[in-house]
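Beneath this line is the structure, given in structure tokens, with notes to follow.
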Number of protein chains: 2
Amino acid sequence: MAALQKSIDKRNALINATIELVNNDGFHATPMSKIAKMACVSPATIYLYFENKQDLVNKTYLEVKSSYTAYAFATYDETMSVKEGFEVIWKRIAEFKLKEDAYAMFLAQCDNTPMIDEESRQEGIRHLQPLLDVWKRGIKEGVIKPMSDYMLYAYAINPLSFLTIAQNRGALVLDDKQLEQAFEAAWSSIKVCE
Amino acid sequence: MAALQKSIDKRNALINATIELVNNDGFHATPMSKIAKMACVSPATIYLYFENKQDLVNKTYLEVKSSYTAYAFATYDETMSVKEGFEVIWKRIAEFKLKEDAYAMFLAQCDNTPMIDEESRQEGIRHLQPLLDVWKRGIKEGVIKPMSDYMLYAYAINPLSFLTIAQNRGALVLDDKQLEQAFEAAWSSIKVCE
DNA sequence: TAAAAAAGAATGAACGTTCATTTTCTGTAA
DNA sequence: TTACAGAAAATGAACGTTCATTCTTTTTTA
């Protein structure tokens with residue numbers, strides 16, 4: 001157990017160092033030697049845990065994406081109404097993006113650059129299924145406008161990425177009041193008007 | 001005149017090569033030698049037009065941002081009503097992002113990574129002033145919800161970036177009908193309900 | 001004590017940038 | 001118009017550095 005435990009710690013340290021350094025400098029401007037140093041490990045040791053640099057960043061992406069979606073759906077269950085379900089998920093996502101802003105920044109960078117393999121990108125998308133299911137249900141019930149998943153995501157969820165990046169760059173404070181406004185805007189853009 | 005003309009052509013070729021290669025591979029994975037080759041120019045020649053690689057990408061960013069905002073505001077004038085003004089600007093932006101999808105991809109990458117100098121980023125933001133003015137007017141007239149510029153941008157404009165990237169990755173087709181839907185979603189999220 | 005894990009130094013390739021040289025342009029004098 | 005000199009623009013090769021990865025040796029584990 002001690003040995004395994006130690007390995008998991010090192011792996012986590014490598015993943016966390018990758019996130020922090022890539023956020024600051026970008027993927028290709030982050031040398032393996034720097035990641036190793038921040039994780040208190042020899043550069044050679046990275047290759048015991050990951051195949052190469054690309055594998056390291058792919059795995060980091062999937063790990064962050066998993067913790068993101070796990071957090072997002074933790075308090076949702078399928079017996080909720082569409083509106084309630086959406087609100088619960090949306091607010092968990094917002095909470096995650098504010099609390100785990102380094103993760104949010106990292107995901108934004110992965111989603112907007114060619115730094116991740118297409119295969120890992122596809123796998124990351126699959127994690128969102130429960131949200132897509134809420135939307136499908138909402139459209140069937142006539143509560144949500146009949147739009148494609150991409151369009152719904154663009155207006156209901158993606159703006160949060162922009163807001164957290166703006167907040168991270170010091171241009172905006174997202175307090176509770178602003179967040180409630182943001183939720184209202186999100187819901188307004190996808191709901192069917194009564 | 002011949003000499004000057006030639007120079008502008010080369011400069012444009014370098015900027016265009018930068019956009020295409022950075023879109024495909026990312027900033028740091030794009031060597032100067034490759035940019036030079038695509039622009040049919042010697043690597044050394046790049047340094048006659050730009051100080052260094054960072055300067056090249058900063059200037060490229062500002063050039064793209066300028067053509068983006070010039071296009072966005074070309075048909076808008078201040079005598080329009082808030083709703084009409086917003087609609088005109090929004091639709092021009094959408095048109096630009098669909099027609100000039102390479103530019104749109106490039107801007108998305110600049111806005112979500114540390115690849116651009118902070119100074120150039122700030123200058124790029126200033127170009128959006130006319131849009132912020134419409135919003136200010138809309139809030140004063142009670143037509144637009146009193147939200148910060150960042151929030152308004154997040155819900156009304158930024159979703160278009162997500163949609164064009166999705167379209168570019170082959171995951172979505174943004175036809176006229178979808179676009180009208182998207183505009184409705186954008187307007188719904190920021191307007192004051194009657 | 002044997003195997004696994006980790007380390008640091010070494011390697012070779014790739015990169016941004018510069019240098020020495022050649023080519024092209026421009027204005028002037030015949 | 002032609003010839004040409006000086007300046008400007010452009011080039012390909014070269015330089016020094018940095019980086020991802022591997023190799024050999026040492027340390028830790030069981």
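Below, chains carry the letters A, B, ... as their sequence lines are ordered, and counting in each starts from 1. We use all heavy atoms of the structure for the numbers below, so side chains are in, but hydrogens, waters and symmetry mates are not.
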Establish, with yes or no, whether the OP1 or OP2 oxygen of D/dA10 is under 4.0 angstrom from a side-chain nitrogen or oxygen of B/Ser42.
-> no

Among Ile, Leu, Val, Met, Phe, Trp and Tyr joined by side-chain contacts under 4.5 Å, find the other residues sharing a cluster with A/Ile165 and list them by chain and number.
-> A/Met105

For the side chain of A/Leu48, starting at C-beta, report the closest nucleotide among D/dA10, C/dA7, C/dA6.
-> C/dA6

ring-ring contact (aromatic ring centres under 6.0 Å, His included) partners for B/Phe27, two or more places apart = none

Interatomic distance where NZ belongs to B/Lys37 and C1' belongs to D/dT11 [whole Å] = 14 Å

Once you round it to whole Å, what is the distance between P of C/dA6 and CZ of A/Arg11?
-> 13 Å

Scoring nucleotides 10-18 of chain C by protein non-hydrogen atoms under 4.0 Å (B base, S sugar-phosphate only, - none) yields -----SSBB

Whole angstrom value for the distance that separates C1' of D/dA10 from CD1 of B/Ile46 | 12 Å

From CG of A/Leu14 across to C1' of D/dA20 the rounded distance in Å is 15 Å

Report the distance from atom CZ of B/Phe50 to atom P of D/dA10, rounded to the nearest whole Å.
-> 12 Å

Counterpart residues, salt bridge (Lys or Arg N to Asp or Glu O under 4.0 Å), relative to B/Glu118 (two or more places apart) | B/Arg121

Apply ring-ring contact (aromatic ring centres under 6.0 Å, His included) to B/Tyr153 and list each qualifying residue two or more places apart in sequence or on a separate chain.
-> A/Phe162

Please tabulate, for the side chains in residues 96-104 of chain A, all donor-acceptor contacts under 3.5 angstrom to protein atoms that are two or more places apart in sequence or on a different chain.
residue  : atom : partner  : partner atom : Å
A/Lys97  : NZ   : A/Ser161 : OG           : 2.7
A/Lys99  : NZ   : A/Tyr71  : OH           : 3.1
A/Asp101 : OD2  : A/Asn168 : ND2          : 3.1

Run the numbers on B/Lys91 and B/Glu180 for salt bridge (Lys or Arg N to Asp or Glu O under 4.0 Å), then give the verdict.
-> CA-CA 9 Å; B/Lys91 290 194 169 165; B/Glu180 196 53 49; 3.2 Å; yes

